[in-house]
Structure formats: C-alpha cells, structure tokens
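Residue numbering restarts at 1 for every chain, and letters A, B, ... go by the order of the sequence lines.
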Amino acid sequence: MTVRTRFAPSPTGYLHIGGVRTALFNWLLAKQAGGQFILRIDDTDAKRNVAEALQPILDGFRWLGIDWDEGPTDDGADSVGPQGPYFQSQRLERYQQAAIQLLESGLAYRDYSGADFVKEREAAEKAKTNFVYSRNWMAESDEQAAAFEAEGRTAVVRLKMPREGKCEFTDLIRGEQSYDWELEPDHVIQRADGTCLYHLANVVDDHDFQITHVVRAVEHLSNTPRQIFIAQSLGYQLPQYAHLPYVAEPGSKKKLSKRNIDKYLHNKDFKRLYQAGVAIGERIGIQPDPSTFNPVLVDFYRDIGFLPDAVVNYLLLLGWSLDDKTEFFSKDEMLQQFSLERVVKAAASFDAQKLTAFQQHYMDQLPVKQKVNRCLKFLQSADLASTPPDCDLGTYLQTIIVAAGDRICMAGDILKFDFFFVDDEKLVFEEKPFQKRMVKPEGAGELLSQFADALQNLPDDQCDAEQLEAFVNTFCESASIGLGDIIHALRVATTGKAAGFGMFETMAILGKQRCLNRIGLALTKLQTIVAN
RNA sequence: GGCCCCUUCGUCUAGCGGUCUAGGACUCCGCCCUUUCACGGCGGCAACACGGGUUCGAGUCCCGUAGGGGUCACCA
C-alpha cells in the first residue's frame, strides 16, 4: 500500500512554525516510504482572497524543501494531481453528495431547530448536565420537513450520532483510544445555504485523496470520533491516525499561537531573536510589524537569512528524537531515520535560542562561496556596494566573511558590518563611541593625526594585517604610548563603531587609502565638535 | 465545568525493571587556548511533580493526588 499523507492549511497569509512541523512529519512519513505528500487547501470558510493568502504558505514550503506531490500549483491559482482539485472551495459538490448519502442512509438528518438548539445547549450548561439534543426539530420525512418549513424554519444537516457504546481506535502515537458515543453531539455538517463544514469535507477529501495516515496535532484528537463516524457511515476505509503534540509557547506549555506575539516578546530569547530580525529587516525594507514579521512565522527566518535546513532540523527535534545523542540530520538522514514511534507525547516549547544554535551550526558548515551568495543578497537589498578600488564586490565580501568567522550567524548579519561597504564620506560615526574614544581622551585627535601621517608613508604592499600590526606597534613605541591609547580611537575612526573583529584585519580589508580617508573625516568631525 | 491528553535539568530530550551515584544538546558559569573578540578544548551548576502500591529491586509497571494543557461552533 502506498503511504499517502497530507497537510491541510487554511489560507491565512502566513506559515506558522507549528504547522511546518506537522507538515514535516507528514512529509517524512510519506517520502520515506516512497509515497506521496499532498497539500490540500482548507478554504471552505475563507471569504478572503485565497490566492494571495495562500502564496506565503506555498513559498514557505518551497523554501524549506518540503515539496508536495499533489496540491496547488506554485502560484496557488490551480491544482496539480490526479485527484484534484485540491481546494475545498472547489469540491463542494462532492461534500453535498456525501451529505445526501448520509441523509439517505439515515445517519444524518435535516434539523430545523435553529436557535432552539443553542437554547437547549445553554440550558444544559446551566444545569451542569451533559447536553443531549432532544431532536425535537429533527425531520426524517418530507412531511415533517414541510411542517417545520411552514413555521418558517430552515434546515441544516446534522449527524445522527450514536447514543450508546464507544468509539475505539488506535492512535499511532498515543495508543488505544476510547470515547463514549453519547458524549458526541449531533454535529452540523451542512449549512442551510448548502455549504459544508470542516468535518464532512475533511473526511470526504481524505477518502478521495486516498490518505492512508492522518498525522495532525492533538487538538484534533477529540474530533476523531465524529470523523470516524462520518467515514464509517459513508463506507470508507479508515485511515491510520497519529496525533502529534502541539508546539508550545516559549517557556510555557500553552499552545503556540500567532495571536500572542506580544506576550512572547517578554521572553528573553524570543525577544532577542525578534530584535535581531528587526535590525536586519529595517535595513532591507521590511515593516517591523510583529503581527506579520516575527519568529513564529516561517517567513521571518527566510527574510533574515536563516538556512532552511537549520529550521527543518530544529523542528524535527521538537517532539522527536532518534537516540540520546544525534542532533544533526540531513534530509536524507531524516528520511531514513524518522518514525512515528519515537514521537514524544508531551508538548514541546519553542526555543528561539536553540533554533539559533542550529542556524549557527549550519552556517559554520556552509561553504564560503555560498555564504557569499547569501550575504550578497542582503547587501544588495540594503543598497550597499562600496568596495576598495580595483576590487570586485564578491571577492571583497568573501574576504570579510572569512575574517568574520562565526560572527555572521544568519546571512543578514552581514549588515552589522555595513561600514565595509559604504563610501568613506557616508560612514556614520556612532555618537557614543565617538565621544568616548575621540572627543573625551585628551590628545586623541593629535595622536591620530600623527598616526595618519605615518600610515601615509607605509608602502602599499605592506598593508596586510600582520604588517599593519607591526607598524602600529612601532608607532606606539616611538610615540611612547600603549596600544590601548590609540587602537580604540582608530577603530571608531575607521569603522564608526566601538566593536568589530580584529583591528588590523579590519584595516587590511579596508585598505590604506580608505583608512586614511576615514581618519581624515573623523578628525574633521572632531574639529567641528571641539569648535562648538 | 464535562470529556480527553500530558508530566525526567531553565529548554529540547535519552531512558522501554537492575548497566541510573540518571546520559546528550542548547543556555549559563569557570578554566585553558588566543596580544583583543569569536571559535575551539576541558570542567561545572542543574531534573526523575507528589503519595501509595506491585517487585528481591521502580525514572521505568499499577492506582490515586497535584500541576500543566487541549477540546467542547452553522471555525478549521
């Protein structure tokens, strides 16, 4: 039997990190068995522009390398696959057929209760008793229906649920499950206007698409009995069920939700990641709106230069493990090793710091050329392209990336080192360090000026990091000062910042002329400040 | 509230009755390396929710208790 799994997002405009994990597990289960992974769009209730709200979700999956065998086309405008369409909004007829079949077999009925149903339910809630619908407005014959209609009532279709016995099924993760049928109310499966609801559509589609394994989050566990009822009533063969734990909030066990971003921002690690993202985002024109750009959403990671494999690897280990030590998995290894048996039952909190650690690891492993390509995109987006004379941007960038080592965790971090890529006259000297290192220390300007004169005479072919270091040391000796007396001012003057990587390396990369230019600009600025 | 689920270091987890004075990873803290930072190396802090059983023996099985969570729509 071919394993077929599915993930069924609603077109909401964003791809949630918890959803990705569910999709990933589905994908792994199908692909490791040589089966198919299907993307189905649950838009039965969507009144918005589906294509537009679907696009970010499709893009997200493509970026992560979670490819679907059947489902919407990449632009979300159409479907590909033998059982299409894969949009629920386009499958209404199928659901209606199923509703008729249920009606005809007496396992569903037309219900004319309207608001009376709610009244009964509320009364039961008030009395603190289990609610069992009286079925007073149930119409099982056309005569009954006509009578209710004469009262001006309209009908929905409800499931005629069993009122005794148990629903038993096996969950691949949670084992044997048993639910009392009497606790299941008569769910509505079709509205008065003929449109159908989730449970019906879901079961019909899973059957039509020949889904063999329904792998979804636990919040659906309690939906399973009614779906089993529908499937059995329709004569469908039941799929296997597996209910994953949900992904929880940072530092708590509550379900992670895009609605509570403000709350997560109080979490130290989450906030740090978010702020790192915002710092990058604002340089490349992303609105710092936490409702559309935050670490719960997959776009966030792509936008700031995470590696998709890092995100996937992290998510794999959120609720699953192979053993007591293996941390890193390539896609192939995941496909080889994944199994539902090893899925953890408890909810797992989202940990921004650990995700970042995975990113750091994957970035370290990435060949330099690829790092260059990724960082280059951010420079271009931020409109940064200034290089030393006779040096092309790619080569220059590579030098910087090598020197930066692991200081570039996500590709967008290259923007922290923007001073390498701005024209000298556009270099911004940060106020605080400039005050501290240039303005405040007595004679700093004078010293720097002398240094510039000396540097001017240093032959161009002696400007690598090592020789520069020797040169600076010699200068310090002759001026009878310590290295610390000049190096800080020198850093601020050449980079505008208080911190960076090795000073001599930085100077070597910038080149002598640009260092001189910048020192000159810093001295001019200093004079202006002193004059005022 | 009803029903259901879950419970090992701060976090992700290993553990399927003895090999557990509970292992790994992230974080944190030391030390080493490095003229600085980062990396790296070494080391450290830190957990079986509680109470009863069962058993020669329980983190591991059973039952309670507590806590946490999910779900109870003409949403999906």
Inset, instruction - Please state whether the base of B:rU35 and the side chain of A:E469 form at least one donor-acceptor pair under 3.5 Å? - result: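 Donor-acceptor pair under 3.5 Å: yes.
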Legend entry - Check: A:K325 side chain, B:rA14 base, donor-acceptor under 3.5 Å: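 Under the 3.5 Å cut-off, the side chain and the base do not form any donor-acceptor pair.
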Inset, instruction - Check every strand shown and say whether A:K253 touches a base, only sugar-phosphate, or nothing at a heavy-atom separation below 4.0 Å. - result: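 Sugar-phosphate only.
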Inset, instruction - Give one of base, sugar-phosphate or nothing for A:Y179, where a contact means two heavy atoms less than 4.0 Å apart. - result: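 Sugar-phosphate contact only.
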Legend entry - Salt-bridge contact A:D208-A:R91 (side-chain N to carboxylate O under 4.0 Å):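 Looking at A:D208 and A:R91, the cut-off is met.
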Inset, instruction - Salt-bridge test for A:R153 and A:E151: reply yes if a basic N is under 4.0 Å from a carboxylate O, no otherwise. - result: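 Answer for the salt bridge query: yes.
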Whole-Å distance separating the [atom1] atom of [X] from the [atom2] atom of [N]:
X      : N      : atom1 : atom2 : result
A:K345 : B:rC4  : NZ    : C1'   : 15 Å
A:L322 : B:rA14 : CG    : P     : 10 Å
A:N223 : B:rC3  : CG    : P     : 18 Å

Can you tell me the Watson-Crick or wobble partner of [N], both distances under 3.5 angstrom?
N      : result
B:rU19 : none
B:rC42 : B:rG30
B:rU35 : none
B:rA66 : B:rU7
B:rU71 : B:rG2

Legend entry - Phosphate-side-chain proximity, A:R121 and B:rA73, N/O vs OP1/OP2 below 4.0 Å: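 Checking A:R121 against B:rA73: at least one side-chain N or O falls below 4.0 Å of OP1 or OP2.
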Inset, instruction - Could you please name the option among B:rU13, B:rA25, B:rC74 that lies closest to any side-chain atom of A:V344? - result: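 Nearest to the side chain of A:V344 among the choices is B:rU13.
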